[in-house]
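Beneath this line is the structure, given in structure tokens, with notes to follow.
Fair warning: this is a prediction, and the values are worked out from it, not measured in the lab. As the structure lists them, so they are numbered: ligands from 1, and atoms in each ligand from 1. Residue numbers start at 1 and run along the sequence shown.
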Amino acid sequence: MSVTSLSFPYGESIQWFSPDAVTYLPDGPMADWILAPGSLTARLKALGLGFEVRVLGEGFIAAGDEQMSAPWVREVLLCLGGIPWVFARTLVPTSLLNQCQTELMGLGDKPLGELLFSDPRFIPGRIEVASFNSCSRLAQLAASLSQTVTGPLWGRRRYFGFGHDELTVCEMFLPAAVAALSD
Ligand SMILES: C=C(O[C@@H]1C=C(C(=O)O)C=C[C@H]1O)C(=O)O
């Protein structure tokens, strides 16, 4: 299913910040959504608008600025009512993947959050934030989804510990989510 002209994997060098180090966070509900510690899947499902995960791609990528050597990546769109709200990118180091391969590589269109928040081996960790301007690859992704970028977009990177390893989950809110959450 071609949902975007963005070729998998999404590659952008993103500068993430601790929320404490950011002088400017988004106004209103968006700040709450990017800093909320629980499952984004559960929160989106609770809106009752018809939640689905569209998998854009999964596979191993070369070591980059992700601070992991040759991680396994999963990129998805989280959609409500058929409209993409979030672009999510999960990076799993091979040392972790080897311990949880069946569960992670067998997700398909089941939400990763249902695994991360039900398996006690995963420990939710710190959250970082980032904003994206209209020139970013995220804005290109939004445009390819026919979503107009009218201002900065926001995302977060969450760490989930697993023994001595950790994976990262990046969730970037698309214009459809910004519009709906700002009402
Ligand atoms: C981490 C979660 O899982 C969500 C589901 C994802 C997936 O299926 O790949 C990726 C990111 C999350 O938004 C969550 O629900 O909080």
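- The existence of a salt bridge linking Glu171 and Arg158 is confirmed by a sub-4.0 Å separation between a basic side-chain nitrogen and an acidic carboxylate oxygen.
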Give every pair formed by an N or O atom of ligand 1 and a protein N or O atom closer than 3.5 Å, one pair per line with both atom names and the distance to 0.1 Å, or write none.
| unit_1 | atom_1 | unit_2 | atom_2 | d |
| --- | --- | --- | --- | --- |
| ligand 1 | 3 (O) | Gly113 | N | 2.9 |
| ligand 1 | 8 (O) | Arg74 | NH2 | 3.0 |
| ligand 1 | 8 (O) | Leu112 | N | 2.8 |
| ligand 1 | 9 (O) | Arg74 | NE | 2.7 |
| ligand 1 | 13 (O) | Glu171 | OE2 | 2.6 |
| ligand 1 | 15 (O) | Ser39 | OG | 2.9 |
| ligand 1 | 15 (O) | Leu40 | N | 3.4 |
| ligand 1 | 15 (O) | Thr41 | N | 2.8 |
| ligand 1 | 15 (O) | Thr41 | OG1 | 2.6 |
| ligand 1 | 16 (O) | Leu40 | N | 2.7 |
| ligand 1 | 16 (O) | Arg158 | NH2 | 2.6 |

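- Applying the side-chain contact (heavy atoms from CB on, under 4.5 Å) rule to Asp32 yields the partners Arg43; only residues at least two apart in sequence or on another chain are considered.
- The ring pair (Phe, Tyr, Trp, His ring centres under 6.0 Å) check on Trp33 picks up nothing, with sequence neighbours excluded.
- Taking the centre of each ring, Phe17 and Trp154 stay at or above the 6.0 Å mark.
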Result block: side-chain N/O donor-acceptor pairs under 3.5 angstrom for residues 118-125, not counting sequence neighbours:
| unit_1 | atom_1 | unit_2 | atom_2 | d |
| --- | --- | --- | --- | --- |
| Ser118 | OG | Glu114 | O | 2.5 |
| Ser118 | OG | Leu115 | O | 3.2 |
| Asp119 | OD1 | Arg121 | N | 2.8 |
| Asp119 | OD1 | Arg121 | NE | 3.1 |
| Asp119 | OD2 | Arg121 | NE | 3.1 |
| Asp119 | OD2 | Arg121 | NH2 | 2.7 |
| Arg121 | NH2 | Glu103 | OE2 | 3.3 |

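- A centroid separation of less than 6.0 Å is found between the aromatic rings of Phe117 and Phe160.
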